[in-house]
There are 2 protein chains.
Amino acid sequence: MTMSKAGGRPRPPTIHDVAREAGVSRGTVSRVLNGGHYVSPAAQEAVNAAIRRTGYVVNRHARSLITGRSDSVGFLLTEPQERFFEDPNFNVLLRGCTQALAAHDIPLLLMLAGTDDERRRLTRYITAGHVDGVLLVSSHSGDPVAQELLEAGVPLVACGKPIGLGSKVSYVAADDRDGARAMVRHLLSLGRRRIGMVTGPLDTPGGVERLAGYQEELTGAGLPVDDRLIASGDYSRASGEAGAELLLARAPDLDAVFVASDLMAQGVLAALRRAGRRVPQDVSVGGFDDSPAAPSASPALTTIRQPWDRISSEMVRVLLAQVGGEDPAAVILPTELVVRDSA
Amino acid sequence: MTMSKAGGRPRPPTIHDVAREAGVSRGTVSRVLNGGHYVSPAAQEAVNAAIRRTGYVVNRHARSLITGRSDSVGFLLTEPQERFFEDPNFNVLLRGCTQALAAHDIPLLLMLAGTDDERRRLTRYITAGHVDGVLLVSSHSGDPVAQELLEAGVPLVACGKPIGLGSKVSYVAADDRDGARAMVRHLLSLGRRRIGMVTGPLDTPGGVERLAGYQEELTGAGLPVDDRLIASGDYSRASGEAGAELLLARAPDLDAVFVASDLMAQGVLAALRRAGRRVPQDVSVGGFDDSPAAPSASPALTTIRQPWDRISSEMVRVLLAQVGGEDPAAVILPTELVVRDSA
DNA sequence: CATGCTTCTGTGAGCGTTCACAGTAGAGAA
DNA sequence: TTCTCTACTGTGAACGCTCACAGAAGCATG
């Protein structure tokens, strides 16, 4: 009787058990497990049957010990935690990466490096080779983690173009500048001429690019870029509110606001409502991200969709390619204007 | 020549290198690494110095191969994804668990089992012993994952009391019933007598318990439990809105609503505003969770704080104890009434 | 002096896998 | 026939670690 008493599972079958069961050697089983090259059809079938019968699952520790690879990938978040909680994009990205990796049967290790202490611990953990690569999310410029990992030769893919690192680092990003231009173009097409902007943090590539797109499109349309129409935010809802109040105070004739994130845009909507401005009649508001909350904002938010599903799958693809020995690569993905009620 | 070519980091030091460097044997180094029992102070010091000099980090794969433990823990989410994105509590919990585990130098593997397919894959992965234990989040009754893992003997700690499983499963939960009673007591103390409730999903323990607390407290105060005052929701914002509309239609004399989650409470606030009811003047609203959004709701939400930091740390503590061979345990933690503007 | 106990140390074995290598069998070419 | 080439298979030897064991040294007890 193979009673499984509490906690003590019966010893799982090894490659040896499978080999005996199939009447072949360990080597042949191993070859079947790793692609089935140089294996006769008969042996192939016998091994597969034996695997099914025994319920064999490869022991990843043993495999990793000899291959030197861990068959797992880290998802490293170097943001302060509040941002993670507030911003729905992280969740979307996280889910997308988990799914893309699941297709390769690779588990994702979530790593939160909020404090310097955690950062050090994780850097040590990663450079010790316990993950094959790292998906790096939202590193501000000056973030030392990326630099350290890069120097240690750890395959790395950033989400968004990292500032201040050489061109040797892979990244996947939406075309922020182009998206910003599309939104401003849309606002212009509605007849708006006093278009303000609440920017993202300007030490992030997204923040910089979206601002640049806004400025380019205005200039291209022959309109001046008025500093009083630009307020800087940090992607938080609160900073959107503050930004809108600042803009209203400095430029009461404001007739549109391009906000660098949907979350901030919700703050902008609240501030405009408080100030008695109707959206979209008095002021058009355009967001960025097409976050899940965008359609249910009031009014429903016109925004720029970032292709998060593709961003995450591309990040995983590039990372795995790099783990496999390929060179770093940069991928830029197009965005899409989503017109709803707010503009 | 041991050139380190691109991507091929120089071979990391092994326990053997440390032993040679310290002038002791592998065994002694290993003993130092595992608690330092039966090691002379001199050897202890020599080994520590050698570890520092060589930059040695233990190879977890090799260790796991022999100990049979993986020194990692799974954080398993069996919710449909929308819930994960919407509910800030998951984020708080996730962060808390990550930090609590980090103190033990144990990485957390995030596992999302949204579809049946993913569920199967992950169950296989987990039962194959690739994590030492599982932190299970928000399993509805009838969730097969918990049952399967339990049968496989995988150490398991649920967040919230699982319905329909025996008492052999560990869980950590806030005292939902007591919290609900505290909120209703507060509403009664404000002079409210027609107190409605929007419940959580009644196939979850939290949903059931909060409803029970509401009913108990009303009964205890000598008030009737009126079915027209009870609407059922699913923790989503939209269901809060729908619930409030239903209550207003069925019981226009409503003077307070106890809502089983902050997110639903935001929907309730929106519905009340649309219906022209002022909060808290006409209707008092009490939430549950003390989510990050609660203070910034308008009006700021009176709610019940769940001790998420303690919940996560207790979950980790109980899980690790169980991995270490202890018996399952249930932990109930007290909640706290947070009075803001809405009631 | 032998015996036991405690503290400390080194050694060999083995965890389950992959990898390099040697070897076998069969087909085709000389 | 004999050689060579290809497709396939089995066999040690690692990978880096922990564990069990044996043994040494020190000290107290019989």
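Here is how names work: the chains are called A, B, and so on, in the same order as the sequence lines, proteins then strands, and each is numbered from 1.
- Using modelled atom types, no side-chain atom of B/Asn48 and backbone atom of B/Glu45 make a donor-acceptor pair closer than 3.5 Å.
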Check: For nucleotides 8-16 of chain D, read 5' to 3', which letter fits each nucleotide if B means a protein heavy atom sits under 4.0 Å from the base, S means only the sugar-phosphate is that close, and - means neither?
Finding: BBBBBBBBB

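- Chain B approaches DNA chain C within less than 4.0 angstrom (heavy atoms of the protein), and the contacting nucleotides run 5' to 3' from C/dT7 to C/dG16.
- The C1' atoms of five pairs define one axis at each end of the helix from C/dC1-D/dG30 to C/dA30-D/dT1, and these two axes lie 60° apart (to 10°).
- Rounded to the nearest 0.5 angstrom, B/Ile311 CD1 and B/Ile332 CD1 are separated by 10.0 Å.
- Judged by distance alone, with hydrogens and angles left aside, the side-chain atoms of B/Thr127 form a donor-acceptor pair with the main-chain N or O of B/Thr123 at under 3.5 Å.
- Scanning for side chain to side chain contact (heavy atoms under 4.5 Å, CB included) contacts around B/Ser72 gives B/Ser70, B/Pro107, B/Leu109, B/Val131, with sequence neighbours left out.
- Of all heavy-atom pairs between B/Ser170 and B/Gln322, the closest is OG-OE1, 2.7 Å.
- Sorted by first and then second residue, the pairs that involve residues 311-329 of chain A and meet salt bridge (charged side-chain N to carboxylate O under 4.0 Å, His left out), not counting sequence neighbours, are A/Glu314-A/Arg317.
- Remark: side-chain polar atoms of A/Asp132 are paired, donor with acceptor, to backbone N or O of A/Asp71 under 3.5 angstrom.
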Next item on the list: Apply side-chain contact (heavy atoms from CB on, under 4.5 Å) to A/Ile126 and A/Leu76, showing your working.
Entry: CA-CA 10 Å; A/Ile126 293 167; A/Leu76 180 58; 4.1 Å; yes

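- Pairs engaging residues 50-69 of chain A under the side-chain hydrogen bond (donor to acceptor under 3.5 Å, both in side chains) rule: A/Glu21-A/Arg53 [sequence neighbours left out].
- Taking 4.5 Å as the limit, some side-chain heavy atom of A/Arg31 sits within range of a side-chain heavy atom of A/Thr28.
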